[in-house]
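Here is the structure we will look at, set down as structure tokens.
Below, read A as the first sequence line, B as the second, and so on, with proteins coming before strands; counting in each chain starts at 1. Quick note: numbers below take in every heavy atom, side chains included, and nothing from hydrogens, waters or symmetry partners.
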Amino acid sequence: MPKCLVCYKWTLDEQDIKIKPEDLSLDSSRAKGKISDFDRNAVEEAALIVEKEGGAVEVLSYGTAAVKLSLKDVLSRGAEKAHWIADPSAENADAAVTANVLAAAIRKLGPYDLILCGEGSSDLFNQQTAPRLAALLGLPCLSFVQKLTVEGSTVTATRKLEDCQETATVSGPVVISVLSEINKPRIPTLKQVLGAAKKPNEEIKIADLGLKPEDLQPKALRQSVKGFVMQRRNVVYKESSAAENVAKLTASLASEGLC
Amino acid sequence: MAGIFIFSEDSALAKQLLTPALELKASLAQPITAITLSESDAEELAKLGADKVVVLTGGTWAEGFAEAIYSQISKAEGSILLVGGTLRGKHVAAYVAAKLNAGMTTDAKALKIANGKLLATRVLYAGLAVCEEEVALPAVATIRARTFLAPAPAPAAGVVETQSAEADSRITISEVIPTGDKGVDITAATKLVAVGRGFRRKEDLKLAEDLAGVLKAELACTRGIAEDEHWLPIERYIGISGQTVKPELYVAAGLSGQVQHMVGCRESKVIVAINTDERAPIFEAADYGIVGDMYEVLPLLTAALRK
Amino acid sequence: MADDKFDAIVVGAGLAGSACAYTLAKAGKNVLLVERGNTAGSKNVSGGRLYTYALELLEPDLYKRAPLQRKIVREQVMLLNERGATTIDYFNPDFGENIPQSYSVIRAVLDEWFAAEVEAQGGMVASGILVDGLIEENGKIVGILTGGEEMRADVVVAADGVNSLLGQKAGLFPDVKSHAVGVGVKETIELPDNLINARFGVTAEEGAARVAIGCTEGISGGAFLYTNKGSISLGIVFNPEQAAKQQRHIQDIFQDFKMHPAIQALIEGGTSVEYGAHLVPEIGYQGIPKQLHREGFLVVGDAAQFGINTGLIIRGMDLAIVSGLAAARAIIASPSTAEMGALYMKQLEELLLVANQRAYQNFHGIFEISRIFGGYPKLANDAMQFMFTVDGKTPTPMVKGLLRAVKKHATFGQMIADGWKAYRSL
Ligand SMILES: Cc1cc2nc3c(=O)[nH]c(=O)nc-3n(C[C@H](O)[C@H](O)[C@H](O)COP(=O)(O)OP(=O)(O)OC[C@H]3O[C@@H](n4cnc5c(N)ncnc54)[C@H](O)[C@@H]3O)c2cc1C
Ligand SMILES: Cc1cc2nc3c(=O)[nH]c(=O)nc-3n(C[C@H](O)[C@H](O)[C@H](O)COP(=O)(O)OP(=O)(O)OC[C@H]3O[C@@H](n4cnc5c(N)ncnc54)[C@H](O)[C@@H]3O)c2cc1C
Ligand SMILES: Nc1ncnc2c1ncn2[C@@H]1O[C@H](COP(=O)(O)O)[C@@H](O)[C@H]1O
């Protein structure tokens, strides 16, 4: 009966982020929060494992004050309890700081049999947190997992890499990062949404984690963030006759020397 | 703190890493050590500019050497580790970075040293934005394949030594199944026809294949086509978590043009879009576009180009 | 227990639903507000001018907490022909000094705020949930169905908008007939505030509301343009049946409207950030279904087809709020579900919603006069062109020139008939 912990991140929905044409700075004033895409797969996978094997799912997130907005959503996805750390340091945290904070919290809350992460976060996509956690916690790590089976303390994972699929087995506890194809995250039902309001959530104060100031000092600092704009011709043919459009397109391609 | 280290389990990528490593050597004046798991790569890395090559033996699973790689670097108090940005490489790099308590930049481009720190450009929000990331030393960076070309041979070859290492024994690899259609390297193609979820059935990809045929292009796709539908092998999907390509022509049919995809093809010379939805973001990213049903447009286009 | 049964379930977190749930929660009722969008307002495209008397009825000064955009102090009516525009501009900085006043609003923001207010009052809000049926027992509605799950309540309030599925499921009204609803398309265009202020002649907190006719190619309907903070909402509302006959895509008509020189000058340099199409109740009083309730079931807002569209003003949001309030009051006051329906109707009367609807009851007739949407705006522009043309040639006598402009677009017989029809409609 595995005790699972899923680390999830509350990120801005990049679809709502606009690039200001004047200076290419990012305008995220309209951006709503979301559970980082692949973390929904991680929560779902833990919920599916526990449905089959018994055990429990807890979730953990480190973010700014906005992280509280995620609780209802994450708890309606199958977790029993949410732990959250809201601290301004999260704003500029790099993967090192994030892993330091999460590892310290896990030491305090744990032990867990399975610690699950997404393959990468939707905003930073560092793809670092799971292996870092494993290093800090002294646990083995199975990254980029597309299929997971848990039997007793044996964890079998199919990992998907550029050129192969690889089956790996480990005797828990283990840190895992999942790919989006591992499952299809549920759309919470009304009862799950209502149930979420009654599930416990607990704040962990960063000061109680016994971290040294340098553990919260990012080693990788993002600078001069600029929206990416493409200079394209943007010629769009939209006559009702497809043949006419195709004729125009082929003429354009010919003028580019492409056909 | 001294020493620039590189590691990649991918032979071609390992060589490419020497190019930025040599540039960093020029500003830091520190020797380059290449760590490899392959005896046959070692000689070549030594010829291409590595001052020292360490061959680690004792296992085949690259990730299992993370601890051993860490101890090589920590013993030498290395200042920079460049790792080939494959998935295995990223796993190793993040593990080593954590053990070194170091910062790490993912998919780094244009690396240089400034103010005693490693400065690299990378993307945020899956490509919506780019930024410079400044990483204090010791620093780790992963670099994707083909970000750099391999360097020319160096005047003097470095030394090669072999060390046995203890690989992570907690994990057992029971089965490795190679995937994909070996032989096609879509990153080398000069023209690509990319397909997305606008295709309703696998058989319909024929429409794109036909177009690719007359254009002498290769097929590429979005993540969903490869990962969810499994209609095309994952080597063919483009984007932040897939391949990066820079062809002369990129024809995007029935794909919406989300930033996670476009980041992988936005350096194409000419982008053409075919989509029913006039408001699809792909049109903003395209040089030429047709608003229309590709089921109608593709056969017409194929026929027109055949002439 | 909250989980098993609620005092009331309100379906749809638009203005009608939130107004109802807010009032119920404030009165201590155990209320559940269900919304299919991922957040309240996420599915809302409607344009934006809210008459705040409605929020005032709900709770004094509530509107001051609401995220409103600009206070409307400038009313403008534009009559368009192909390239020209004749604009009537009414400006009064003190307009609406006291209630009633009106503000431009952005629904995504307003709806989200309102749902949060419901939660703050102790109401339960569940978003991302599509209600797909009703539970009926012994002729009474006793709950909702969603994805195979049941949830029960003493009363279900259908606030699910113009194409009300629940009203149909309850058997109160058949499918929305195409002639009863208009189609609206709306776009939000971001534009710096200094440009908005200069182009519309308003200051930072003030806003302008414009309507335009003559841009729908003779199809009954009109366009609107509201100034927000940092953006402009513009759209067209029109009769889909007539549009279908024209064989013109509404998007195309909308595009043409945006390309009109007088309109383009207003939106130039802006970036489109949102676009959507939606139905609007259009018939007015006569479109309201005979039955708006069953035991355990009340219909409010657009679902009840409450709406006033005079061509110059579109009202739906205020009526949605008022009807939501009426339903809440009825639920609070009723000793049992049996009396709720009658009490709801009484509240609608008392809150003057019915009187408002009735006052405009024949207005729909105006929309049958097609020349209002084509010929007459053209006429006005031709007349203007004639009067302001000075070319040094012998002037055409005023009366003759004007008559020529008139005759181009309508015969006197038509004008008299139209005038009579319009008079009867008002
Ligand atoms: C962290 C993260 C990483 C990701 N990494 C990647 C990545 O590396 N690569 C990647 O591709 N995606 C990636 N994605 C997913 C990405 O966000 C998009 O969801 C995906 O690219 C969309 O795929 P699509 O364009 O095939 O499908 P859709 O977005 O569903 O688009 C289908 C398009 O087809 C059009 N269409 C439908 N029918 C027709 C027709 N008959 N004729 C013409 N057009 C038609 C539709 O209008 C629509 O625009 C990632 C997502 C996340 C969150
Ligand atoms: C283009 C346009 C411009 C307009 N301009 C104005 C204006 O300037 N001033 C004005 O006063 N009015 C205007 N209106 C009319 C006004 O928008 C509506 O009258 C008003 O929104 C009605 O509010 P409502 O709460 O009844 O319905 P809605 O705002 O439509 O809300 C219904 C809610 O129910 C949800 N829902 C629907 N079905 C279900 C279900 N089965 N399960 C769960 N949730 C469901 C929907 O997602 C939605 O959030 C305009 C309308 C349009 C289309
Ligand atoms: N701030 C955070 N709080 C909790 N989990 C996180 C956080 N940041 C990253 N993670 C987890 O680590 C994964 C990989 O993130 P990243 O290394 O940033 O790409 C995410 O998918 C999450 O599961």
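- Contacts between residues 230-241 of chain A and chain B, defined by a heavy-atom separation under 4.5 Å, are made by A:Met230, A:Arg232, A:Arg233, A:Asn234, A:Val235, A:Val236, A:Tyr237, A:Lys238.
- Counting heavy-atom pairs closer than 4.5 Å to chain B, the top residue among A:Leu12, A:Asp94, A:Thr158, A:Leu249 is A:Leu249.
- Residues A:Asp123 and B:Leu124 are not in side-chain contact: their nearest non-hydrogen atoms beyond the backbone lie 4.5 Å or more apart.
- Heavy-atom distances place both the backbone and the side chain of B:Ile240 under 4.5 Å from chain A.
- Interface summary for chain A: among B:Thr121, B:Leu301, B:Val92, the most heavy-atom pairs under 4.5 angstrom belong to B:Leu301.
- Only the side chain of A:Phe144 comes within contact range of chain B, with at least one heavy atom under 4.5 Å from a heavy atom of that chain.
- The part of B:Lys191 that comes within reach of chain A is its side chain, from C-beta onward, which places non-hydrogen atoms under 4.5 angstrom from that chain.
- You'll find the side chain of A:Gln128 reaches within 4.5 Å of the side chain of B:Thr106, heavy atoms only.
- Contacts between A:Glu214 and chain B at a heavy-atom distance below 4.5 Å are absent for every atom of the residue.
- The candidate with the highest count of non-hydrogen atom pairs below 4.5 Å against chain A, out of B:Asp228, B:Asp168, B:Thr105, B:Ile271, is B:Ile271.
- Counting heavy atoms from C-beta outward, A:Glu256 and B:Tyr288 have side chains that approach closer than 4.5 Å.
- Between the side chains of B:Glu227 and A:Gln146, no donor N or O sits under 3.5 Å from an acceptor N or O.
- Residue B:Ala120 does not touch chain A at all, counting heavy-atom pairs closer than 4.5 Å.
- Within the 4.5 angstrom heavy-atom criterion, no atom of B:Leu118 approaches chain A.
- Residue A:Lys184 does not touch chain B at all, counting heavy-atom pairs closer than 4.5 Å.
- With respect to chain A, the highest number of heavy-atom pairs below 4.5 Å among B:Val263, B:Val270, B:Asp10, B:Leu249 belongs to B:Val270.
- Neither the backbone nor the side chain of A:Leu137 comes within contact range of chain B; no heavy atom of the residue lies under 4.5 Å from a heavy atom of that chain.
- Listed options B:Leu215, B:Val214, B:Ile177 were ranked by heavy-atom pairs under 4.5 angstrom with chain A; first place goes to B:Ile177.
- Side-chain N or O atoms of B:Glu235 include none that pairs as donor or acceptor with a backbone N or O of A:Asp163 at under 3.5 Å.
- At least one side-chain heavy atom of A:Asn126 sits under 4.5 Å from a side-chain heavy atom of B:Arg122.
- With a 4.5 Å cut-off on side-chain heavy atoms, B:Val123 and A:Phe228 do not count as touching.
- With a threshold of 4.5 angstrom between heavy atoms, A:Ser122 approaches chain B through N, CA, C or O but not through any side-chain atom.
- Side-chain contact between B:Thr86 and A:Leu161 is absent, with no heavy atoms from C-beta onward closer than 4.5 Å.
- For B:Ala286, the part lying under 4.5 angstrom from a heavy atom of chain A is the backbone only.
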Using distance only, find each side-chain donor-acceptor pair of residues 290-300 of chain B under 3.5 Å and give its atom names and separation, not counting sequence neighbours.
{"from": "B:Asp293", "atom 1": "OD1", "to": "B:Tyr295", "atom 2": "N", "distance (Å)": "2.8"}
{"from": "B:Tyr295", "atom 1": "OH", "to": "B:Arg200", "atom 2": "N", "distance (Å)": "2.8"}
{"from": "B:Tyr295", "atom 1": "OH", "to": "B:Asp204", "atom 2": "OD2", "distance (Å)": "2.6"}

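- Residue pairs meeting the side chain to side chain donor-acceptor pair (under 3.5 Å) criterion with at least one member in residues 88-103 of chain B, sequence neighbours excluded: A:Gln127-B:Lys90, A:Ser143-B:His91, A:Glu166-B:Arg88, B:Glu63-B:Arg88, B:Glu67-B:Tyr95, B:Lys90-B:Asp107.
- Of residues 19-33 of chain A, those residues with a non-hydrogen atom less than 4.5 Å from any non-hydrogen atom of chain B are, in numerical order, A:Ile19, A:Leu26.
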key: Stepwise side chain to side chain contact (heavy atoms under 4.5 Å, CB included) test for B:Arg223 and A:Glu181   = CA-CA 10 Å; B:Arg223 180 167 171 142; A:Glu181 62 170 308; over 6 Å; no
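- Contact count against chain A (heavy-atom pairs under 4.5 Å) is highest for B:Ser174 among B:Ser174, B:Gly64, B:Ala136.
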